[in-house]
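The analysis underlying the following values was restricted to heavy atoms, covering all of them including side chains, and did not include hydrogens, waters or symmetry mates. In the text below, chain A, chain B and the rest are named by the order of the sequence lines, each starting its count at 1.
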Amino acid sequence: MVANYDEVMKLALERGFYFPSCEIYSDAPAGFWEYGPRGVNMKNKFIELWRRELVRRDGMLEIDGCQIMSKSVFVASGHIGNFTDPVVKCTKCGSSFRADRYITEKTGENVLERMAEQEIKALMKKHNLRCPNCNGEFGEVSKFNMMFSVGIGPAAEEAYLRPETCQTIFVDFARVFKTMRGRLPLGIAQVGKSFRNEIAPRQSLLRLREFYQAEIEVFCNPDRLNEMPEFKEVKNTILRLSDGSSIIEVTAEEAISKGLTPNKLITYYLALLVEFYDKTGIDVKRSRFRNLSVDEKAFYASVAFDFEVETSIGWLELVACNYRSDYDLKGHAITSKQNFEVLDSATQSKVLPHVFELSMGIDRSIYAILEHCYYEDKQHDDRVVLRLKPYLAPILVGILPLMTKDGLDQKARQINSELKYDFETFYDESGSIGRRYRRLEEIGTPFAVTVDKTTMQDDTVTIRYRDTMQQERINISDLNQYLHKALGRR
RNA sequence: GCGACGGUCGUCCAGUUUGGUCUAGGACAUCAGAUUGCCAAUCUGGUAACCCGGGUUCAAAUCCCGGCCGUCGCACCA
């Protein structure tokens, strides 16, 4: 049973995972969505898992930077120059086209990325290009920048909302490296919001104008990309590599020996990423690393693998893994006139670090997890079950009195107040017990504790498992430890 | 951004063709009470919607214009 987009969407709206922003107003713009109570819980737990399995596992440093950044940052990063598309609009029917691609397609003539609007216009005139839809005349060539600009202070000084979180990491690199006594290779990580003025935002969390990223920038010495002692931890991890059509399954070790991945450093992080996603509950057998072709890659990337997951609406990119070389540090060094070279203690040489990044889309990941965990149980009246991992479930345990008589409800409340400081609990006494179980499993709650008459005699409760619907009896005093164990804590 | 289609309780839908008991109906969900007491039970009662703005008309959920949003296709996607 594979869930589809509509079912996930319905669940999200009905049960408070996410919903459109500003929906009570008719001028609410597209591409903005908010997380409701269940979604926030799940998102926070996803981020905590990311910290555990990537940041802490690899000894990375995490920072939390500003969302508004000065214009110079984006001059240096190339976003002011490159994060724009030349667009041309038909004066007759209003259709718009990417001017550069259209010219190349029709004439074979190469259009340079940095070509000015007038030059592009001249080229179109020279070849007498007209609208392919209605043969109408094209208007002016304009450049559309995907960054949101903001005006700072009374003089409205030009600045931008960051289009990717990683620029903060590059800008802060020198200070963090020095003050944290960094050694190469060093991962610096950040979770936060980024903003892109998408032309056509669509499909709720999948293409947003304001979205969450979890980014990791690994700073490394380009001459030592195969010196990676930690690699042995992941050498047997299966990587599914693809050129966009077929998928090859190899171990991390084989990927290198067969030349499918360029070096140990990159391969190590790709493997960590798969291990992380496996723990989110996403079916990694339905994932792949797609090796991007030259024209698909971002302007800063020299090697790029997209981590993609198969969903009901096709392959979905969750993480962009880019080898950015020294593109960013070099850009910031030139623009800021600062020196970003560091001493690599292993070689006792000064080096301008290269960067390999794992740029993760959190919102898309949340969607993919929901879809992969959505399950309709045909055996039991098509009950809807979100089979979330306990450590990602918005509610870990429901606490239910079998009935609200004979003090069962007081007892249940008491158990709830003992557990609620350590776990996400939910007390519910309304309606039939079966209905309450169904409501809990629909939002992915893995456990339900039920207080019945036996509880009043011997202080035991039943604990019910979401996936099997089986119950067992345990002592109230063992609940705390039991739940800790279920979360994988020690 | 272009085109096609659409937008009614939390969700899904009926009602629009032919403007008039529509004071907007149903199902599911939800809330309260009763009953039951371990898997969406039953009964009773309740909350809750015509996307926004303008126009036509005695009268607009219904017709017209504009906007916004959604789905799909094209284009775009660091």
Looking at C52(B), U11(B), G70(B), which one has an atom nearest to any side-chain atom of Lys10(A)?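 Side chain of Lys10(A) sits closest to U11(B).
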Given G73(B), C51(B), U11(B), which nucleotide is nearest the side-chain atoms of Ser26(A)?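 Looking only at heavy atoms from C-beta outward on Ser26(A), the closest nucleotide is C51(B).
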Would you check if the side chain of Glu215(A) reaches a backbone N or O of Cys166(A) as a donor-acceptor pair within less than 3.5 Å?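 Confirmed, Glu215(A) side chain pairs with Cys166(A) backbone.
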Check: His372(A) side chain, Val309(A) main-chain N or O, donor-acceptor pair, under 3.5 Å: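 No, His372(A) side chain to Val309(A) backbone: no donor-acceptor pair under 3.5 Å.
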Is the base of G70(B) touched by the side chain of Arg207(A) through a donor-acceptor pair closer than 3.5 angstrom? no
Below 4.0 angstrom, N of the basic side chain to O of the carboxylate: do Arg290(A) and Asp243(A) qualify?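 No, Arg290(A) and Asp243(A) are not salt-bridged.
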So, Glu441(A) and Arg15(A), do they make that salt bridge, N to O below 4.0 Å?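 No, no charged N to carboxylate O under 4.0 Å.
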Which class fits the ring pair Phe32(A) and Phe148(A): parallel under 30°, tilted 30 to 60°, perpendicular over 60°? tilted
Mind checking whether Tyr18(A) and Tyr35(A) have parallel, tilted or perpendicular rings, split at 30° and 60°? perpendicular
Under a 4.0 Å heavy-atom cut-off, which of residues 355-366 of chain A touch RNA chain B? none
Side-chain donor-acceptor pair present, Tyr367(A), Gln203(A), cut-off under 3.5 Å: no
Please, what dot-bracket string fits RNA chain B when only Watson-Crick and G-U pairs with both distances under 3.5 Å count, crossing ones use [ ] and pairs to another strand use |? (((((((..((((......[....)))).(((((.......)))))....(((((..]....))))))))))))....
Once each nucleotide of nucleotides 33-48 of chain B is scored for protein heavy atoms under 4.0 Å, what B/S/- sequence comes out, 5' to 3'? ----BBBBB-------
